[in-house]
Enquirer: 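The structure that follows is given in the form of structure tokens.
The basis for the numbers below is simple: all heavy atoms, side chains too, and nothing from hydrogens, waters or symmetry mates. Keep in mind it's a predicted model, so treat the numbers as computed, not measured. A, B, ... follow the sequence lines: proteins, then strands. Residue 1 opens every chain.
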Protein chains: 2
Amino acid sequence: MKMYKLLLVEDDASLGYLLNEYLKMKNFTVIWVKNGNDALKVLEEQQFDLCILDVMMPDMDGFKLAENINQKNISIPFLFLTARSLKIDVLKGFSLGAVDYIRKPIDEEELVVRLNNLLHILAKKNTSQKELYKIGFYTYNPLDFELSFESEKWQLTSRESELLVYLLKNKNHICKHKDILNTIWGKNDYFNRKSLNVFVTRLRKLLKNDPSIKIENIHNQGFKLMSE
Amino acid sequence: MKMYKLLLVEDDASLGYLLNEYLKMKNFTVIWVKNGNDALKVLEEQQFDLCILDVMMPDMDGFKLAENINQKNISIPFLFLTARSLKIDVLKGFSLGAVDYIRKPIDEEELVVRLNNLLHILAKKNTSQKELYKIGFYTYNPLDFELSFESEKWQLTSRESELLVYLLKNKNHICKHKDILNTIWGKNDYFNRKSLNVFVTRLRKLLKNDPSIKIENIHNQGFKLMSE
DNA sequence: AAAAAGATTAATGAAAAGTTAATGTTATTA
DNA sequence: TAATAACATTAACTTTTCATTAATCTTTTT
């Protein structure tokens, strides 16, 4: 898991201390500076993923700092974290190029979630998301419907895929017949149940290369995809 | 300047009306639906840049709707716009993959700024590739529509080119019928689907010199240009 | 041992996709 | 402006795909 590096610009000693400690605890690398000039200096020297700017600071305020960042062509995403909650300030913040404008006070947990979300969006800009499931020696790519085992590859159909994903999401846990049927087939009747059996057989055949993988039936209850 | 297309999911008639009108005035294309089921239907048919979800709606709430979007692999960025302001709701919203969580009431002007900001961040660099695409022993030049294989050359038409480029950009990944149709044809209906088939046939014929290249159909899903 | 549930393989049929040709439609040229 | 050319769309028809249904066999439960 990537560790993100943040620059925190906050003149208030106690809030700065608190945030610094909390963010570090949450697995961020944090550099904390207390004014705009120090911020600019550090930004010249080091690379950051995101910059958190207070607005109200003596000497050079957050807006002025943002202007400087823009002027010096330092390409770093920044956001404002401030008690200035007037609409006009928010608009100004965004017009300066902020990626977000967060009003104080904010719950630390929510802040972390927002930061991670922003960093995730900013990073994802160019890479297509790769959601892969791993089970035993198999890999399943639900976006392309591709199941792979070593160099072999199978193209699954949509029903096969839906069922496999359902089981994978509940790996090692029982999936009740009725839940599978209601979720995937939309209803739970005699015929759909038969159909489900046929698909389980297919998946078993597809997964037989790794003997540690099993789709167990729990009589009258449901199926369980077992592995490890 | 690009005009962004939004899906607004809001059951409240007066707020929905207000937002719809305001956003249209601000140069967005807006489709307004009043419940989750309609939203899912429209999402299958049309392409949007961003989706604005209310949380509290009868029948299927916004969170449930987001789950459905995820499960159906509809790749659309969405945010919540809601009066539910508890931390636990915010965290839930982000955990479902929201790009933002905006608390009501919000000033319309601020909303628009936030939307534009998000869309700006999300906008993938649509670097219209100037270089040649290579696939197998073929090269394709998208500027003058020229496909070459060894000494042979073909002049493609614009539709052929658009489709080929779309497939090339997503080489080895599924391009969903509906996405191709919405992007290239502008809409997804019976006739356009037929037309798409005709073009796929043409491209297959053009690419047949290299047997390692295949345009696969994934039943009910889309096409996949395979190579290597 | 009988009955119910599950597994497996095969058959079926409707919908989707493939192909070729005909028909519109638009832009270009005479 | 009529004729032509280029090309996307629609039509007509064939082939393929795949979820469902059916048939048959095996396991589990009572």
Enquirer: Can you tell me which residue pairs pass the salt bridge (charged side-chain N to carboxylate O under 4.0 Å, His left out) test with a partner in residues 201-217 of chain A, sequence neighbours excluded?
Expert: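 Pairs touching residues 201-217 of chain A that pass the test: A:Glu160-A:Arg202.
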Enquirer: For A:Glu146 and B:Lys224: C-alpha separation, side-chain torsions, deciding distance, then whether salt bridge (Lys or Arg N to Asp or Glu O under 4.0 Å) applies.
Expert: CA-CA 12 Å; A:Glu146 270 182 5; B:Lys224 197 155 77 170; 2.6 Å; yes
Enquirer: If you look only at distance, which donor and acceptor atoms sit under 3.5 Å apart when one is on a side chain in residues 93-106 of chain B and the other is two or more places apart or in another chain?
Expert:
from: B:Ser95; atom 1: OG; to: B:Lys92; atom 2: O; distance (Å): 2.8
from: B:Asp100; atom 1: OD1; to: A:Arg114; atom 2: NH1; distance (Å): 2.9
from: B:Tyr101; atom 1: OH; to: B:Arg84; atom 2: O; distance (Å): 2.6
from: B:Arg103; atom 1: NE; to: B:Ser85; atom 2: O; distance (Å): 3.3
from: B:Arg103; atom 1: NH1; to: A:Glu110; atom 2: OE2; distance (Å): 3.1
from: B:Arg103; atom 1: NH2; to: A:Glu110; atom 2: OE1; distance (Å): 2.9
from: B:Arg103; atom 1: NH2; to: B:Ser85; atom 2: O; distance (Å): 3.2
from: B:Lys104; atom 1: NZ; to: B:Glu10; atom 2: OE1; distance (Å): 3.0
from: B:Lys104; atom 1: NZ; to: B:Asp54; atom 2: OD1; distance (Å): 3.3

Enquirer: Just checking, is any N or O donor in the side chain of B:Asp144 or B:Asn141 under 3.5 Å from an acceptor N or O on the other one?
Expert: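 Side chains of B:Asp144 and B:Asn141: pair found under 3.5 Å.
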Enquirer: Is a donor on one side and an acceptor on the other found under 3.5 Å between the side chain of B:Asp61 and the backbone of B:Met57?
Expert: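 No, because the side chain of B:Asp61 does not come within donor-acceptor range (under 3.5 Å) of the backbone of B:Met57.
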Enquirer: For the pair B:His120 (side chain) and B:Leu118 (backbone), establish whether a donor and an acceptor sit closer than 3.5 Å, ignoring hydrogens and angles.
Expert: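 Judged by distance alone, no pair lies under 3.5 Å.
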Enquirer: Expected output is a numbered-order residue list: members of residues 163-188 of chain A with a heavy atom under 4.0 Å from any atom of DNA chain D. What is it?
Expert: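 The answer is A:Trp185.
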Enquirer: Please list, chain by chain and in numerical order, all residues satisfying side chain to side chain contact (heavy atoms under 4.5 Å, CB included) with A:Asp49, sequence neighbours excluded.
Expert: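 So A:Asp49 forms a side chain to side chain contact (heavy atoms under 4.5 Å, CB included) with A:Lys2, A:Tyr4, A:Lys5, A:Leu119.
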Enquirer: Who pairs with A:Asp189 by side chain to side chain contact (heavy atoms under 4.5 Å, CB included), at least two apart in sequence or on another chain?
Expert: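 Once residues adjacent in sequence are excluded, the partners of A:Asp189 under the side chain to side chain contact (heavy atoms under 4.5 Å, CB included) criterion are A:Lys187, A:Phe191, A:Asn192.
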Enquirer: Please determine whether side chain to side chain contact (heavy atoms under 4.5 Å, CB included) holds for the pair B:Phe80 and B:Leu65, giving the CA-CA distance in whole Å, both sets of side-chain angles, and the decisive distance to 0.1 Å.
Expert: CA-CA 11 Å; B:Phe80 293 104; B:Leu65 173 55; over 6 Å; no
Enquirer: Which nucleotide of DNA chain C is the first, and which the last, in the 5' to 3' direction, to come under 4.0 Å of a heavy atom belonging to chain A?
Expert: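 Answer, 5' to 3': C:dA5 to C:dT9.
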Enquirer: Taking DNA chain D as the partner, which of residues 198-205 of chain B come within under 4.0 angstrom of it by heavy atom?
Expert: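 Result for residues 198-205 of chain B: B:Val198, B:Phe199, B:Arg202, sorted by number.
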Enquirer: Look at all strands and tell whether A:Ser195 reaches a base, only sugar-phosphate, or nothing, counting heavy atoms closer than 4.0 Å.
Expert: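 Here A:Ser195 touches the bases of the nucleic acid.
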Enquirer: Ignoring hydrogens and angles, state whether a donor on the side chain of B:Asn188 or B:Arg193 is under 3.5 Å from an acceptor on the partner side chain.
Expert: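 The answer is yes; a qualifying pair exists.
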Enquirer: One pair to check against salt bridge (Lys or Arg N to Asp or Glu O under 4.0 Å): A:Asp107 and B:Lys87. What are the steps and the verdict?
Expert: CA-CA 8 Å; A:Asp107 176 87; B:Lys87 177 171 111 181; 3.2 Å; yes
Enquirer: Of all nucleotides in DNA chain D with an atom under 4.0 Å from a non-hydrogen atom of chain B, which is the first and which the last going 5' to 3'?
Expert: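 First-to-last contact on DNA chain D, by the 4.0 Å heavy-atom rule, is D:dC7 to D:dC18.
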Enquirer: Taking for each residue the nucleotide of DNA chain C with the nearest heavy atom, is it B:Asn197 or A:Gly222 whose nucleotide lies nearer the 5' end?
Expert: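 Looking at DNA chain C, the more 5' nearest nucleotide goes with A:Gly222.
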Enquirer: Tell me which residues in residues 208-221 of chain A put a heavy atom below 4.0 Å from DNA chain C, sorted by number, or none.
Expert: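 Close to the strand are A:Asn217, A:His219, A:Asn220.
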Enquirer: Can you name the residues that form a side chain to side chain contact (heavy atoms under 4.5 Å, CB included) with B:Asn197, not counting sequence neighbours?
Expert: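 If we apply the side chain to side chain contact (heavy atoms under 4.5 Å, CB included) test to B:Asn197, skipping adjacent residues, the hits are B:Phe223.
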Enquirer: Report the residues that fulfil ring pair (Phe, Tyr, Trp, His ring centres under 6.0 Å) with A:Phe145, sequence neighbours left out, ordered by chain and then residue number.
Expert: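 A:Phe145 satisfies ring pair (Phe, Tyr, Trp, His ring centres under 6.0 Å) with no residue once adjacent residues are dropped.
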Enquirer: Indicate, with a heavy-atom threshold strictly under 4.0 Å, whether A:Tyr190 touches base, sugar-phosphate, or nothing.
Expert: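 Result for A:Tyr190 = nothing.
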Enquirer: Does A:Tyr133 have any side chain to side chain contact (heavy atoms under 4.5 Å, CB included) partners at least two apart in sequence or in another chain, and if so, which?
Expert: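 Applying side chain to side chain contact (heavy atoms under 4.5 Å, CB included) to A:Tyr133 gives A:Glu131, A:Tyr140, A:Pro142, A:Val165, A:Leu168, A:Lys169.
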Enquirer: Of all heavy-atom pairs between A:Ile135 and A:Ile213, which one has the smallest distance, and what is that distance?
Expert: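 Taking A:Ile135 first and A:Ile213 second, the nearest heavy atoms are O-CD1, 3.6 Å.
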